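Treat the numbers as computed from the prediction; the structure is a model and nothing was measured.
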Amino acid sequence: MSGFWCERAWLPGAGRAGESGGIGESSGIGVSGWSVSGSAPVAGPGDGSAPAGDGPAPAADIPSLTPGRVVESVRVVTDGARIVAVEPGVPASDGDVRLHGIVLPGLANAHSHAFHRALRGRTHAAGGSFWTWRQGMYALAAALTPERYERLARAVLAEMSLGGTTAVGEFHYVHHRPDGTPYPAADGGPNAMAEALRSAARDAGVHLTMLDTCYLHGGLGPAGYEPLAPEQARFGDGTVERWAARVDALRSAWADDDRVLVGAAAHSVRAVAPGELAAVARWARDAGAPLHVHLSEQPGENEAALAALGVTPARLLHDAGALGPGTTAVHAVHLTDDDIALLGASRTGVCLCPTTERDLADGIAPGLRLARARSPLSVGTDQHVTADVLAEARGVEEHERLASGRRGAFDPAALVEIATSAGHAALGRPDAGRIAVGAPADLVAVRLDTARTAGTDPAQVVLVAGAGDVSDVVAGGELVVRDGVHRAGDVARMLTEAIEELWAAVGQDVAAGQGAGRAAAPAAAAAAQDITRGSDA
């Protein structure tokens, strides 16, 4: 057994409203113990109503749990990967690892595309849009090999770990060789890229939920679904049946690895047709696995679905049977009132990615309205503008302030839950994200003596602290980060080397006229040239 003594720890709550880390008197009580103000009547199943209004919701209308709170001097005892005892108000024992500041449960990054990290700081020279950014992403994806991806992902996941992430949902769609053919057995087989990510997560000390993504079409136009473009070829399996067979093989191969889970993702309603969405949803239900899907990140997706199919993307997911408590919709920025009601009534989770949604000018998601409609919220770092789950959680509240002109839509206890237990639940780890007996031994120590956090009320640290304030990380009972140093070594150097290697390969492809799918993908190749020259115009 191992002991970790916490100067202060965020424990599941037993206090009354208004206490440190609790719910203020002026707030309504939100889903899973969230405090959310400005509440409105909650839409019932199938009634099509939408949250509206400014008054507080009756607490009886919304199920709740007691929020977490800060407790001084807590000893956490672990046996392997699990917590076996939590002892508040006791001194450290000999041999305990001492964790200073405030110790939070492990943070959950519910939406990641690890290879997008190589785009950070390279797409801003000429503005551009989500769609021009995507062309650069295609060029980057084309240069990935299993070996390059493993080196890059190890560095990216280690960077996440430095910021307190102990579990990540990798929305994984770079499956095959650039021409779309599976990797042969000699090169790792059809799941070689997934195996690269698993190896990287193990080295970085991060629990991995592999959200293996079904991606079958190149877009949704007025005439219907379009074939994959050459630069998208490696994302697709051809049919939903072949996707399912490959993922079944992955589940079997990973069945004995307790640090990984295999879930499902449908890339979007642009890439997966209604019947295929229904099949992916059935696979996830039968497997008892989480299902994630990009939803309404850009108005163009809504417009395409309405033009071709006559419904919004959220309605399309509903009609395909893809909504429900096991599903997490990612982004959900451009929703109608009916969309919000559908998500809430079905208890579909929503993962918000505020830094990406700002970076790509996506817009501000209706986070408060979704929470009030009973959609659990989580957060993800998506394209890794930052690798900072605390910043993403804070962004949920900051976006509400910008949208409403009011502060305090989500109180600090709500934001901690969004960053921890709600995110882990979205990743198929419902027992994680709590410092409690039986929970995974995932602990994150946040310093209270940095230039950013000095003088802070520990109960409000989520509103000021970031990845750079994390000093120590325990994941599955293992001390992965100590005094700001990752066990894997110099993470900045790892990132620099892996990213430079990948961009050198992109440049070689462009020079050879291959781009992201040979000469048939001139737009992606041109985007790669622009990015390597410092412009994404």
Report task. Show your reasoning for whether side-chain contact (heavy atoms from CB on, under 4.5 Å) applies to His331 and Glu301. Result -> CA-CA 12 Å; His331 299 301; Glu301 178 178 300; over 6 Å; no
Report task. Start with the C-alpha distance between Arg401 and Glu398, add both sets of side-chain angles, then the distance that settles salt bridge (charged side-chain N to carboxylate O under 4.0 Å, His left out), and finish with yes or no. Result -> CA-CA 5 Å; Arg401 293 182 184 187; Glu398 291 170 340; over 6 Å; no
Requested in this report: Take Arg358 and His399, measure what side-chain contact (heavy atoms from CB on, under 4.5 Å) needs, and give me the verdict at the end.
Outcome: CA-CA 10 Å; Arg358 290 196 298 271; His399 279 196; 3.0 Å; yes
Query raised in the report: What's the verdict on side chain to side chain donor-acceptor pair (under 3.5 Å) for Glu417 and Trp10, showing C-alpha distance, side-chain angles and the deciding distance?
Result: CA-CA 11 Å; Glu417 183 167 344; Trp10 187 277; over 6 Å; no
Report task. Output, in order, the C-alpha distance, side-chain angles, deciding distance and verdict of side-chain contact (heavy atoms from CB on, under 4.5 Å) for Val385 and Leu360. Result -> CA-CA 10 Å; Val385 177; Leu360 295 180; over 6 Å; no
Query - Residue pair Arg122, Ile499: steps toward the side-chain contact (heavy atoms from CB on, under 4.5 Å) verdict - result: CA-CA 11 Å; Arg122 291 176 175 261; Ile499 292 169; 4.2 Å; yes
Query - Derivation and outcome, side chain to side chain donor-acceptor pair (under 3.5 Å), residues His294 and Arg270 - result: CA-CA 10 Å; His294 291 132; Arg270 292 179 285 109; 5.8 Å; no
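Side chains of His292 and Leu427 form a contact here, defined as non-hydrogen atoms less than 4.5 Å apart. Looking at heavy atoms from C-beta onward, Arg198 lies out of side-chain contact with Met210 at the 4.5 angstrom threshold. Pro190 is not listed as a side-chain neighbour of His175, based on a closest heavy-atom distance of 4.5 Å or more. In this structure, Asp483 and Asp472 have side chains that are in contact, with non-hydrogen atoms separated by less than 4.5 Å. Between Trp254 and Glu195, the closest side-chain pair of non-hydrogen atoms falls below 4.5 Å. Contact annotation: the side chain of Leu104 approaches that of Leu390 to within less than 4.5 Å [non-hydrogen atoms, C-beta and beyond]. With a 4.5 Å cut-off on side-chain heavy atoms, Thr420 and Leu107 count as touching. With contacts defined as side-chain heavy-atom distances shorter than 4.5 Å, the pair Arg482/Val97 qualifies.
Residues Arg8 and Val70 share a closest heavy-atom pair of CB-CG1, 4.0 Å. Closest of all the heavy-atom pairs between Gly423 and Ala110 is O-CB, 4.4 Å. Considering all non-hydrogen atoms of both residues, Ala332 and Ala365 come closest at O-CB, 3.7 Å. The two residues Gly163 and Ala467 make their nearest non-hydrogen contact at CA-CB, 3.6 Å. In plain terms, the two heavy atoms of Leu291 and Ala322 that are nearest each other are CD2-O, 3.9 Å. The nearest pair of heavy atoms linking Ala393 to Leu415 is O-CD2, 3.3 Å.
Salt bridge status for Arg251 with Asp212: absent, with no side-chain N to carboxylate O gap under 4.0 Å. Comment: Arg259 does not engage Asp257 in a salt bridge, judged by the lack of any side-chain N to carboxylate O separation of less than 4.0 angstrom. Remark: Glu147 does not engage Arg151 in a salt bridge, criterion side-chain N to carboxylate O under 4.0 Å.
For the pair Arg69 (side chain) and Pro12 (backbone), a donor-acceptor distance under 3.5 Å is present. Remark: side-chain polar atoms of Arg347 are paired, donor with acceptor, to backbone N or O of Gly344 under 3.5 angstrom. Side chain of Glu501 to main chain of Arg148: no donor-acceptor pair is present (N/O by atom type, distance under 3.5 Å, no hydrogens or angles). Using a distance-only test at 3.5 Å, with no hydrogens or angles considered, no donor-acceptor pair links the side chain of Asp442 to the main chain of Ala475. Without hydrogens or angle criteria, Arg117 side chain to Leu495 main chain gives no donor-acceptor distance under 3.5 Å. Side-chain atoms of Glu231 do not come within 3.5 Å of backbone N or O of Ala139 as any donor-acceptor pair. Side chain of Thr328 to main chain of Cys351: no donor-acceptor pair is present (N/O by atom type, distance under 3.5 Å, no hydrogens or angles). Side-chain atoms of Glu357 never come within 3.5 Å of backbone atoms of Asp362 as a donor-acceptor pair (strictly under, hydrogens ignored). At least one donor-acceptor pair under 3.5 Å links the side chain of Arg234 to the backbone N or O of His176. Arg429 places no side-chain N or O within 3.5 Å of a backbone atom of His207 that could act as its donor or acceptor partner.
Considering CG of Leu352 and CD1 of Ile418, their distance stands at 7.5 Å, rounded to 0.5 Å. Separating the OG atom in Ser112 from the CE atom in Met160 is a distance of 3.5 Å, to the nearest 0.5 Å. Distance check: Ile340 CD1 to Ser375 OG gives 9.0 Å after rounding to the nearest 0.5 Å. To the nearest 0.5 Å, atoms CZ (Arg369) and OG (Ser404) are separated by 12.5 Å. With rounding to the nearest 0.5 angstrom, the CG atom of Leu162 is 11.5 Å from the CG atom of Leu157. Atom-to-atom distance recorded for Tyr183:OH and Met193:CE is 4.0 Å, nearest 0.5 angstrom.
Judged purely by distance below 3.5 Å, without hydrogens or angles, the side chains of His424 and Arg434 never pair a donor atom with an acceptor atom. With no hydrogens or angles considered, no side-chain donor-acceptor pair links His318 and Asp339 at under 3.5 Å. Side-chain contact check for His384 and Thr381: at least one donor-acceptor pair (N or O, by modelled atom type) lies under 3.5 Å. For the residue pair Thr453 / Asp469, no side-chain donor-acceptor distance below 3.5 Å is found, with atom types taken as modelled.
Between Tyr138 and Phe235, the two ring planes are tilted [angle within 30° to 60°]. Using cut-offs of 30° and 60° on the angle between ring planes, the pair Tyr149 and His172 is tilted.
For Tyr173 and His267, the ring centers are positioned less than 6.0 Å apart. His111 has its ring centre less than 6.0 Å from the ring centre of His113.
Results of the side-chain contact (heavy atoms from CB on, under 4.5 Å) test with Val260 over Leu208, Leu197, Thr209, Leu250 single out Leu208 as the only residue that passes.
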